[in-house]
Amino acid sequence: MEFRNRLSTAKFSLTLALLLAAGAAFGDWSLNERKGGFNAVNIYTPETVSPIGNGRSLLIILHGCTHPIGDFVSSGSKTGAQLEAPAEEYGMVVAVPDAANKEGFSCWGYWTSQNRNVGDYANLLELVDDMLDDSSYNIDAKQVYIAGLSSGASFANTISCLAPEVFAGVGVSAGPTIGTSANDAIGGYGNVPPSTFKARCEGYAGSNRSHLQTQVASIGQGDADTLVSTQYNRQNAEGMAAVYGVSELSSTRTITENPGHTAQEFMWEDGRVSMLWFNGLPHDWSGGQGANGGSYIDSQSINYARYLGEFFSTYNNRVDRNKGPVLSNVAFSSTSTKISVNGNASDAEGSVAKLF
């Protein structure tokens, strides 16, 4: 992406109307909503908006097997997966649906028919539509993301291939590779080379496969995971890299949020794929220091939701990154009927004709 370096300044004068608008409950959870074919969806709506694009982003998070969606929510003394702070930091509406068509052990059935028009695949697409249609959420359709843990991670990865025009990014945490069987997750290891992964994902996408070329993916797993084979972590990253046609970079980095809470990051070209090793994390969602959500949410490593917020907002390929003007020397005046604001507006990418 190329940016122009011209800087110009314009004087402006604004008249602001004072409006009150009813909408979603900002900065709080709405629990057990019936949306998109799901009987229960926990939704957090932040007070902020995304640092890119127009409005808020939407991050859908899919639970793992035997994993109650209430574990993700902070309530009382339970800190949950600590999704609230990242949601506010990156202007993300977070939706955590309870699978409507559970397979054994209350899993998302990623090994069943990979068809966007049936079951929970169809429900997820309906959920996205419902939330986009609700203006109170103010969601930018170019900033819709999906992530998950374990079976939820594989389901998220599968639907990101089935509907790449909907999902600008996907987060896969400790998920068996797409197209593998339920037995491969625990009892064995489904060896899927990048070429096979690519063929599967593109086959799922069908006529929408061109949208895979503007999608990004984050793949992560705890290095202490003893439930799902850790070989899936690199297999999934290399598979998505094959789909996107990008090569791995040689440099790596250690991400440190707090002392003793770290992750190793590997990156592919243009930020299209990242791979994380959550240091010290077992087969759990990585909630960062202080996370306490009961089963399958752990505090050993970094806050994965915060990482996803930064990763998606940095590398999303679908938003217009032309930033608005920067205001300076702002002065206010008022009468009984209006508020006036005067000052300077500078735009690093061009001239400022008017603000509205």
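Worth knowing before you read on, the calculation uses all heavy atoms, side chains too, and leaves out hydrogens, waters and symmetry mates.
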Only one of F105, F72, W285 passes ring-ring contact (aromatic ring centres under 6.0 Å, His included) with H67; say which it is.
F72

Does H283 form a side chain to side chain donor-acceptor pair (under 3.5 Å) with T226? I'd like the steps, not just the answer.
CA-CA 7 Å; H283 186 71; T226 59; over 6 Å; no

Once you measure the plane-to-plane angle for F155 and W108, does it fall in the parallel (<30°), tilted (30-60°) or perpendicular (>60°) bin?
tilted

Six-ring centre of Y244, R272 cation under 6.0 angstrom, axis tolerance 45°
yes

Can you name the closest pair of heavy atoms from P97 and L62 and give their distance?
CG-CD2, 3.8 Å

Please report the shortest heavy-atom distance between K78 and N292, naming the atom on each side.
CG-O, 2.9 Å

Shortest non-hydrogen contact between S57 and S50, atoms and distance
N-CB, 4.1 Å

Is L281 reachable from I255 through a run of I, L, V, M, F, W or Y residues, each pair having side-chain heavy atoms under 4.5 Å apart?
yes

If we only count heavy atoms from C-beta on, is the V172 to S154 side-chain gap below 4.5 Å?
no

To the nearest 0.5 Å, what is the distance between NE2 on H261 and OG1 on T256?
11.0 Å

Is it true that R234 and E248 have a side-chain N and a carboxylate O under 4.0 angstrom from each other?
yes

Check V319 against Q143 and note the closest heavy-atom contact, atom names and distance.
CG1-CG, 3.6 Å

With side-chain contact (heavy atoms from CB on, under 4.5 Å) as the criterion, how do H211 and R318 come out once you've worked through the C-alpha distance, each side chain's angles and the decisive distance to 0.1 Å?
CA-CA 10 Å; H211 294 279; R318 301 181 182 180; 4.0 Å; yes

Which residues share a side chain to side chain donor-acceptor pair (under 3.5 Å) with E84, sequence neighbours left out:
W29, S74

Which heavy atom in P164 sits nearest to a heavy atom in L212, and how many Å separate them?
CB-CD2, 3.6 Å

Quick one: do E202 and K198 make a salt bridge, cutoff under 4.0 Å?
yes

Yes or no on side chain to side chain donor-acceptor pair (under 3.5 Å) for Q82 and T79, after CA distance, side-chain angles and deciding distance?
CA-CA 6 Å; Q82 301 197 118; T79 55; 4.7 Å; no

What's the verdict on side-chain contact (heavy atoms from CB on, under 4.5 Å) for E89 and E310, showing C-alpha distance, side-chain angles and the deciding distance?
CA-CA 9 Å; E89 187 173 355; E310 179 180 2; over 6 Å; no

With rounding to the nearest 0.5 angstrom, report the CD1 to CG distance, I43 to D28.
12.0 Å

4.5 Å side-chain heavy-atom contact, T230 and W277:
yes

Side chains of residues 126-135: which donor-acceptor pairs under 3.5 Å do they make with residues two or more places apart or in other chains?
from: D130; atom 1: OD2; to: G36; atom 2: N; distance (Å): 3.0
from: D134; atom 1: OD1; to: S136; atom 2: N; distance (Å): 3.1
from: D134; atom 1: OD1; to: S136; atom 2: OG; distance (Å): 2.6

Check whether Q215 reaches the backbone of F167 with its side chain - one donor and one acceptor, N or O, closer than 3.5 Å.
yes

Do L59 and V93 come close enough that some side-chain heavy atom pair is under 4.5 Å?
no

Working note: T254 + Q264, criterion side chain to side chain donor-acceptor pair (under 3.5 Å); need CA distance, chi angles, decisive distance, verdict.
CA-CA 5 Å; T254 299; Q264 298 300 123; 2.7 Å; yes

Report the distance from atom OG1 of T180 to atom CZ of F197, rounding to the nearest 0.5 Å.
9.5 Å

Take Y307 and S274, measure what side chain to side chain donor-acceptor pair (under 3.5 Å) needs, and give me the verdict at the end.
CA-CA 11 Å; Y307 176 88; S274 76; 2.9 Å; yes

Can a donor-acceptor pair be found, under 3.5 Å and without considering hydrogens, that links the side chain of E33 to the backbone of N42?
no

Student check: side-chain heavy atoms of T45 and Y137 closer than 4.5 Å:
yes

Show, in sequence, the C-alpha distance, side-chain angles and deciding distance for L124 and I146, and conclude whether the side-chain contact (heavy atoms from CB on, under 4.5 Å) test is met.
CA-CA 10 Å; L124 285 169; I146 190 164; 4.0 Å; yes

Mark yes or no for whether T196, through its side chain, and V192, through its backbone, hold a donor-acceptor pair below 3.5 Å.
no

Compare every heavy atom of D71 with every heavy atom of I297, then report the nearest pair and how far apart it is.
CD1-O, 3.1 Å

Got Q221 and N236 here, is their nearest side-chain heavy-atom distance under 4.5 Å?
no

Test L149 against D284 for side-chain contact (heavy atoms from CB on, under 4.5 Å), laying out the working first.
CA-CA 7 Å; L149 171 69; D284 294 329; 5.5 Å; no

Do the numbers put R253 on top of the ring of F266, so that NZ or CZ is under 6.0 Å from the six-membered ring centre and no more than 45° off the axis?
no

For a 4.5 angstrom cut-off between non-hydrogen side-chain atoms, does M92 reach P46?
no

Please tell me if the side chains of I159 and L125 come closer than 4.5 Å, counting only heavy atoms from C-beta onward.
yes

Side-chain donor-acceptor pair present, N279, S301, cut-off under 3.5 Å:
no

Test ring-ring contact (aromatic ring centres under 6.0 Å, His included) on F278 and Y304 and set out the steps.
CA-CA 9 Å; F278 300 115; Y304 189 38; 5.2 Å; yes

Using side-chain heavy atoms (C-beta onward) and a distance below 4.5 Å, is V216 in contact with N317?
yes

Could you tell me whether the side chains of N39 and R34 share a donor-acceptor contact shorter than 3.5 Å?
yes

